[in-house]
K.L.:
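Mind having a look at this structure? Questions to follow.
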Amino acid sequence: MSSPTPSWYHEQHDYSGSSIGFRVRARLHAEQTPFQSIEIYDTTDWGRLMVIDGCMMVTTRDNFLYHEMMSHPALFTHPRAKRVAIIGGGDCGTLREVLKHEEVESVVQVEIDERVTRLAEQYFPELCEANGDPRAQLLFTDGIRWMAECAAESLDVVIVDSTDPIGPAEGLFNEAFYRSCWRALRHGGILVQQSESPLAHLPLLKNIRKAMKAAGFHALRTLTFPQPCYPTGWWSATLARKGADLADFRERGAAAKPFPTRYYNAETHRAALALPEFLREALAD
Ligand code: SAM
């Protein structure tokens, strides 16, 4: 299963004529779960790499970019998020970031595939270091059904940290799911969806925003940030707010945050809100 000579692992994107690759020393693990295939590689320069259904999910070296930008912008926009749900997110990196916020009283992570979390515990223990926090609850079930059955107006923030919209994650990107999120959020609550690459997946990003609006969310902001292990290396998260606008965030709170981050700060938050010209035009609704 493992090879002693380094070779290259590439994720090839035919639709964009590009690929992302890492030099790997060995494949440490491979399995087919009832939901998807999961592989773990040891890379020469990026630490461990998790791949699901041939798509890169996480490397040790660059996951902080994505996990911090999926969590802190929403939590520094909401005035006081007490109850948070993460849909997907089985590597637990987003959970760890959310739990850095003292105002958060409970976080439920709803991951369909328990094997993702068990392998993260083994190969990415640093991402799982907050899993024992008494505020955290780990559920292993379908996030679409869980959200449809979630009590109305019971959540302050919902973070959809999902795989691409194929397989079990397909139903996490449509109007019906966003309607469930709308129902489950309290007034002023915020939905965050990983919304793929602005360069390679613009039609999908537009569809996500359209579906969020159709579900009742009128205030939307798409934030962009670098993410080397994902297609094109440039990624986005779209925030949608129930019944309030998204013009501002708690900039002073972000500047004085009482916990360490590696990418997120008040300046990177503000910068991420600035849309490049082509996106401003493409996302004008
Ligand atoms: N950051 C990653 C990315 O954008 O490529 C995603 C990381 S996380 C590992 C994605 C997780 O979503 C996977 O572990 C997958 O099992 C989970 N997932 C997919 N569909 C789901 C569903 N319907 N309910 C709950 N979790 C789901």
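In each ligand, atom 1 is the first atom listed, and ligand 1 is the first ligand listed. Scope of the values below: all heavy atoms of this structure, side chains included, with no hydrogens, waters or symmetry mates. Just so it is clear, the model here is predicted, and its values are computed rather than measured.
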K.L.:
Please compare Glu114, Met57, Glu111 and report which has the shortest non-hydrogen distance to atom 17 (C) of ligand 1.
P.N.:
Glu111

K.L.:
Please confirm whether Tyr230 approaches ligand 1 to less than 4.0 Å, judged on its heavy atoms.
P.N.:
yes

K.L.:
Please determine whether side-chain hydrogen bond (donor to acceptor under 3.5 Å, both in side chains) holds for the pair Ser236 and Thr224, giving the CA-CA distance in whole Å, both sets of side-chain angles, and the decisive distance to 0.1 Å.
P.N.:
CA-CA 4 Å; Ser236 71; Thr224 70; over 6 Å; no

K.L.:
At a 4.0 Å threshold, what atoms of ligand 1 neighbour a non-hydrogen atom of Val110?
P.N.:
25 (C), 26 (N)

K.L.:
Of the listed options (Thr117, Leu172, Ile144), which comes nearest to atom 21 (C) of ligand 1 when hydrogens are ignored and any heavy atom counts?
P.N.:
Leu172

K.L.:
For ligand 1, which atoms, with element, lie under 4.0 Å from some heavy atom of Ala169?
P.N.:
19 (C), 20 (N)

K.L.:
In the hydrophobic clustering (ILVMFWY, side-chain contacts below 4.5 Å, transitive), which residues join Leu204, or is it alone?
P.N.:
Ile87, Val108, Val110, Leu139, Ile144, Trp146, Met147, Leu155, Val158, Val160, Leu172, Phe173, Phe177, Tyr178, Trp182, Leu185, Leu191, Ile208, Met212, Phe217, Leu220

K.L.:
So for atom CZ, which belongs to Arg118, do other residues, nucleotides or ligands contribute more than 12 heavy atoms lying within a distance under 6.0 Å?
P.N.:
yes

K.L.:
Using a 4.0 Å cut-off to any heavy atom of Asp91, which atoms of ligand 1 qualify?
P.N.:
7 (C), 8 (S), 9 (C)

K.L.:
Set out, in order, the CA-CA distance, both residues' side-chain angles and the distance that settles salt bridge (Lys or Arg N to Asp or Glu O under 4.0 Å) for Arg61 and Asp45, then state yes or no.
P.N.:
CA-CA 8 Å; Arg61 185 166 166 186; Asp45 296 83; 5.0 Å; no

K.L.:
Is Pro168 in polar range of ligand 1, meaning some N or O pair under 3.5 Å apart?
P.N.:
yes

K.L.:
Distance under 6.0 Å and angle within 45° of the ring axis: does Arg262 meet both against Phe64?
P.N.:
yes

K.L.:
Which pairs, with at least one residue in residues 82-91 and sequence neighbours excluded, count as a side chain to side chain donor-acceptor pair (under 3.5 Å)?
P.N.:
His67-Asp91, Arg83-Ser106

K.L.:
Tell me whether Glu102 at atom CD has more than 12 heavy atoms from other residues, nucleotides or ligands lying less than 6.0 Å away.
P.N.:
no

K.L.:
Look only at interatomic distance and state if Trp235 has a nitrogen or oxygen under 3.5 Å from any nitrogen or oxygen of ligand 1.
P.N.:
no

K.L.:
With the threshold set at under 4.0 angstrom, would you say Tyr66 reaches ligand 1 through any of its heavy atoms?
P.N.:
yes

K.L.:
If you count the atoms of ligand 1 from 1 in the order shown, which ones are under 4.0 Å from a heavy atom of Gln36?
P.N.:
15 (C), 16 (O)

K.L.:
With atom 26 (N) of ligand 1 as the reference point, say which of Leu139, Thr141, Ile112 has the nearest heavy atom.
P.N.:
Ile112

